[in-house]
Amino acid sequence: MLNRWHRLSLQVKMTLIIIFIVGVSAVTTEWLEARSIRHTVEDNVRGAALAVGHSVDLNVTSLAQLSNREARTKELEKILLTLPDLLNIVLYEFPPESGKNPVPIASAGPTELPLQERAPDLVQRVREEQQPLIDYADRQNTHRVFLAAPIVLRHAIVGATYAEFSTLQMDEALESLQQASRTRRLLTGAAIVIAINLFLYFKVHRPVKRLLTAVESVSKGTMTSAVPVEEHDELGELAGTFNDMVKKILETTHDNAQLTESLQAMNESLQVKVSEATAEVLQKNRTLAHTNELLSAAQRDAARAQRLSAIGHMAATVAHKIGTPLTALSGHIQLLAEDPTLSAESRQRLETVEAQIERTSKIIQDMLMYARRPEPIRSPLDLNACIAECLALFGPEFERRKIALVAEWSREIEKVDADVQQLQEVCNNLIENALDAMPAGGTLTVRTSPHAEPEQPHHRTSIKVEFADTGYGIDAEQMAQIFQPFFTTKNARRGTGLGLAIALETVRAHGGQIKVDSQPGSGSRFTIVLPTNGGAR
């Protein structure tokens, strides 16, 4: 609905607003007028009704006069003749006993009330409330108003006057008056809407349309567009200002064109000189950068080889020394756990011992995996599908830990030449670290995107993968050590400190790099950059 309103033209919007204002004014006036008329009718009827009751009350000065049926009937008929809207009138006498019904004494007009056994409820209420009562409740349907007024003698209510008044003629006249008023308001509103629309069209819409047409022409490059100035109002001022602006733009554009030509000639001359002067420097810089890169790679490989050799020797020694005893211990503990006579406490202790043996074996296996990492078995790999499969594996864990997953897949990335199993291990390790960093829940964002590396030879293309969590983050001291073997920020039962070290070696083996950005309390972001051609083989 809001979009449709925004798409309407200014003239249509103004027309709708004017119609709305006129309509609201007409409806409000109609309601106020109907309310005023209703109150006027009711006040007039009330005054006439109370005058009748007061007249009867003044003419009755004793109980004998009240009981004189003939005199009271003539009096009521006289009142009936003087009031054309009075339909009928009945005079009741209240018995001294409060429980008995009022007795009809006299009546005038076409009524059968004197023949009824019970007086109307309005008469009964007069005796209880001791004041005149008027009933307008059924006026809309029957065009009648009912009156019950007390007859007081010596401060005591001895009877009541009951009368029915017709409001039909008055209601019909008022209805005709309201209908004429509605027609007049409708015609007046239509005239106002048409007059304002004509004014807006000739004085606002048409000048604005011309101005918009000129602006559109200028935006397309036609600098000769001008808006005719017909009036000296605000729109005329705006049109004149626009024409001046176009003239100045045209002059400025001409000056800029000349200046641009001069600068372009100077720039071309300077560019030739700079190119000649820097060509030799650039060539030397490329050679030096390539030499530095080879030297750094050689140093990294030498350090890595030395580290792997030490760890491999230690891992092999540890595996040989304690691997077999651990396996034997695990087998004996499993046999002991099958004993049905064991108590629950003893069985729990055996399970604890077995869990620690499995953890020790896992540490040994991670050490061997880190030291003897096999060469990647490369094949074309859709990185989006590979990561999505890892995320699906952790789906139940996301729900259990109340962690929201945001995945942003780029459709522009190419396939990478990589080992799918090794890359899945890297992704699983980073996802698991993110889950451990958000024990109270949070958001994990996984994003893939193309990554250009102009500084690399031949401008090779790469793919960037980001894992960003909203966990507790990593401080600067830990950041310098997180990729070191056996360093971990988790407790003793959660990690071995080899996950990120293995991930780093795997990414490097694929010719890529991995880095981390983190602030304590603000989460961490691990970024992996992989070349599409698989990197150095």
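Numbers here simply count residues along the sequence, with the first being 1. Values in this document were obtained by computation on a predicted structure and should not be read as measured data.
- Distance CD1/Ile21 to CD1/Ile196: 8.0 Å, rounded to 0.5 Å.
- Side chain of Thr470 to backbone of Gly442: no donor-acceptor contact under 3.5 angstrom is found.
- In this view, Thr448 and Asn384 satisfy the side chain to side chain donor-acceptor pair (under 3.5 Å) rule, not counting sequence neighbours.
- Within the structure, side chain to side chain donor-acceptor pair (under 3.5 Å) pairs that include any residue of residues 402-413 comprise Glu408-Arg447 (at least two apart or interchain).
- From Ile502, atom CD1 reaches atom CD of Gln422 across 10.5 Å, with rounding to the nearest 0.5 Å.
- Partners of Glu397 under the salt bridge (Lys or Arg N to Asp or Glu O under 4.0 Å) rule, at least two apart in sequence or in another chain, are Arg400, Arg401.
- Taking 4.5 Å as the limit, some side-chain heavy atom of Leu504 sits within range of a side-chain heavy atom of Arg508.
- Contact detail for Val529 and Lys464: the closest heavy-atom pair is CG2-CG, 4.4 Å.
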Thr445 vs Glu466, test: side-chain contact (heavy atoms from CB on, under 4.5 Å). Steps then yes/no. CA-CA 8 Å; Thr445 302; Glu466 299 174 82; over 6 Å; no
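- You'll find the side chain of Ile431 stays beyond 4.5 Å of the side chain of Val446, heavy atoms only.
- In plain terms, the two heavy atoms of Leu444 and Ala434 that are nearest each other are CD1-CB, 3.9 Å.
- Note that the OG1 atom of Thr260 and the CG atom of Asp255 stand 10.5 Å from one another [nearest 0.5 Å].
- Residues forming a side chain to side chain donor-acceptor pair (under 3.5 Å) with Thr252 (at least two apart in sequence, or on another chain): none.
- Here CZ of Phe467 is found 11.0 Å from CG of Asn433. Values are rounded to the nearest 0.5 Å.
- Taking every heavy atom of both residues into account, Ala418 and Leu423 meet most closely at CB-CD1, 3.5 Å.
- Residue-environment remark: CD1 (Ile377) stays at or below the threshold of 12 foreign heavy atoms within 6.0 Å.
- Side-chain polar atoms of Thr461 and Thr532 form a donor-acceptor pair below 3.5 angstrom.
- Taking Arg184 as the reference, nothing meets the salt bridge (Lys or Arg N to Asp or Glu O under 4.0 Å) condition, with sequence neighbours excluded.
- When atom types are taken as modelled, the side chain of Ser269 and the backbone of Ala265 share no donor-acceptor pair closer than 3.5 angstrom.
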Intermediate values then yes/no, side-chain contact (heavy atoms from CB on, under 4.5 Å), Glu425 and Asn429: CA-CA 6 Å; Glu425 290 177 3; Asn429 184 270; over 6 Å; no
Sequence neighbours excluded and cut-off under 3.5 Å, please list the side-chain donor-acceptor pairs for residues 514-521, or say none.
{"unit_1": "Ser518", "atom_1": "OG", "unit_2": "Ile474", "atom_2": "N", "d": "2.8"}
{"unit_1": "Ser518", "atom_1": "OG", "unit_2": "Gly523", "atom_2": "O", "d": "3.0"}
{"unit_1": "Ser518", "atom_1": "OG", "unit_2": "Ser524", "atom_2": "OG", "d": "2.8"}

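- Closest approach of Leu530 to His510, counting heavy atoms only: CD2-CB, 4.1 Å.
- Put simply, CG on Asn256 and CG on Leu263 are 10.0 Å apart, with the number rounded to the nearest 0.5 Å.
- Here the OG-CZ distance, from Ser343 to Arg349, works out to 8.0 Å after rounding to the nearest 0.5 Å.
- In this structure, Val465 and Phe526 have side chains that are not in contact, with every pair of non-hydrogen atoms separated by 4.5 Å or more.
- In terms of heavy atoms, Asp469 sits closest to Ala437 at OD1-CB, 4.3 Å.
- Listed here is the closest heavy atom pair of Asp417 and Pro380: OD1-N, 4.1 Å.
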